[in-house]
There are 2 protein chains.
Amino acid sequence: MIYFKNSEYQCSMELTLELIGGKWKSLILWYLGENTLRFSELKKALPKVTQKMLTQQLRELEQSGLVNRYIYTQIPPKVEYSLTPAGKSLLPILTSLCEWGQNYVNEIEPSGQPTACQADKQLVSPK
Amino acid sequence: MIYFKNSEYQCSMELTLELIGGKWKSLILWYLGENTLRFSELKKALPKVTQKMLTQQLRELEQSGLVNRYIYTQIPPKVEYSLTPAGKSLLPILTSLCEWGQNYVNEIEPSGQPTACQADKQLVSPK
DNA sequence: CGGTATCCCCATTGATACTG
DNA sequence: CAGTATCAATGGGGATACCG
């Protein structure tokens, strides 16, 4: 049994899922990657996530120390998000997961269009 | 954009999360590991999951081709679950996630008790 | 034992409006 | 622009009962 932040977990996997198992968390971490993105950029990259949800999940990731939040005190406001070292340390694993998903699709449906992990992300980064 | 099973996904990560992002799916895959477990054993290993949820998540994992379900036609019934090759191919990544979680805890709370991934699982396997 | 089938609640999420 | 605040709705998930 693991005790952490007033909760108990049966195993490390359960704890890990508490940190990144939220509905959109892995996806947010993945799209942040090595980049620094403004809130609106993140919102555009994740159109299926509502503003409310995005804010909420970002706050939790921030509490967990996986995401940095930098506020420019100006009007109109500007807020930038990036991964902390702890967050970045997760990226290799997320890459593996992504590749696993690609292999899965290719084996189930070999007819499908070729997919590429990095290409996915580049679709959203250029202005 | 990736099309798969009548749904469209923005990237491979989104697809992967569809497969294993369910509330308990990663945990189920993790506890199955290389083992073959009966429904009741799985239920005991995951006390926080209700029978309904466990059944439901297992069905979805089965549909996705990650879990085998073998039914002994006898009374009382006996059903055994195990990972398919596709499911097992995920285990190294789950192990990495687990280890990442341990490192995270140790860095945030160095005072904590030593944790071990494998030890976690052994707690539930003996009788 | 390993499930369905029902009922039902409340937590998560969405939609909308407002603000520094 | 990047949020909060509020209210409303939906469906995820719990509890219970029953079945092959």
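It should be emphasised that the depicted structure is a prediction, and the values quoted were computed from it without experimental measurement. Letters A, B, ... mirror the listed sequences (proteins, then strands); counts begin at 1.
- Proximity note for Y81(B) (side chain, C-beta onward) versus dG3(C), dA2(D), dG13(D): the nearest is dG3(C).
- Of the candidates I20(A), L32(A), L58(A), L66(A) forms a side chain to side chain contact (heavy atoms under 4.5 Å, CB included) with just one, namely I20(A).
- Between F39(A) and Y81(A), the two ring planes are tilted [angle within 30° to 60°].
- Taking the nucleotide of DNA chain C with the nearest heavy atom to each of M53(A) and I75(A), the more 5' of the two is matched to M53(A).
- One interatomic measurement links the two molecules: CG of L54(B) to P of dG14(D), which rounds to 11 Å at whole-angstrom precision.
- Residue P77(A) places its side chain closer to dG20(C) than to any other of dG20(C), dT13(C), dG3(D).
- When only modelled atom types and interatomic distance are considered, W100(B) and T16(A) share no side-chain donor-acceptor pair under 3.5 Å.
- Within 4.0 Å (heavy atoms only), Y72(B) reaches no atom of the nucleic acid at all.
- Dashed line: the shortest gap from a side-chain N or O of R38(B) to OP1 or OP2 of dG2(C) is under 4.0 Å.
- Residue-level contact check: K43(B) touches neither bases nor backbone, having no heavy atom under 4.0 Å from any strand.
- For V79(B), taking side-chain heavy atoms from C-beta onward, the closest of the listed nucleotides dG2(C), dC1(C), dA2(D) is dG2(C).
- Q74(A) places its CD atom 13 Å from the P atom of dG3(D), with the value rounded to the nearest Å.
- If you measure from atom CD1 of I71(B) to atom C1' of dG2(C), you get 10 Å, rounded to the nearest angstrom.
- Connection of Y70(A) to I75(A) is not established within any shared hydrophobic cluster, with ILVMFWY side chains joined at heavy-atom distances below 4.5 Å, either directly or through further cluster members.
- Going from atom CD of E62(B) over to atom C1' of dG2(C) covers 14 Å, rounded to whole Å.
- Take the nearest nucleotide of DNA chain C for K52(B) and for E41(B): the residue whose nucleotide is more 5' is E41(B).
- Regarding contacts with the backbone of dG3(D), a side-chain N or O of R69(A) is found under 4.0 angstrom from either OP1 or OP2.
- Atom NZ of K25(A) is separated from atom P of dT13(C) by 10 Å (rounded to the nearest Å).
- Protein atom CG of L46(A) is 13 Å distant from nucleotide atom P of dG14(C), rounded to whole Å.
- A close approach under 4.0 Å does not occur between any side-chain nitrogen or oxygen of T50(B) and OP1 or OP2 of dA15(D).
- Residue contacts shown for Q56(B) are absent, as no nucleic acid heavy atom lies under 4.0 Å away.
- If you take NZ of K78(B) and C1' of dG3(C), they are 17 Å apart, rounded to a whole angstrom.
- A donor-acceptor contact closer than 3.5 angstrom links the side chains of E80(B) and Y72(B).
- Residue R59(A) places no side-chain N or O under 4.0 Å from the OP1 or OP2 atom of dA2(D).
- Look at CD on E80(A): it is 14 Å from P on dC1(D), rounded to the nearest Å.
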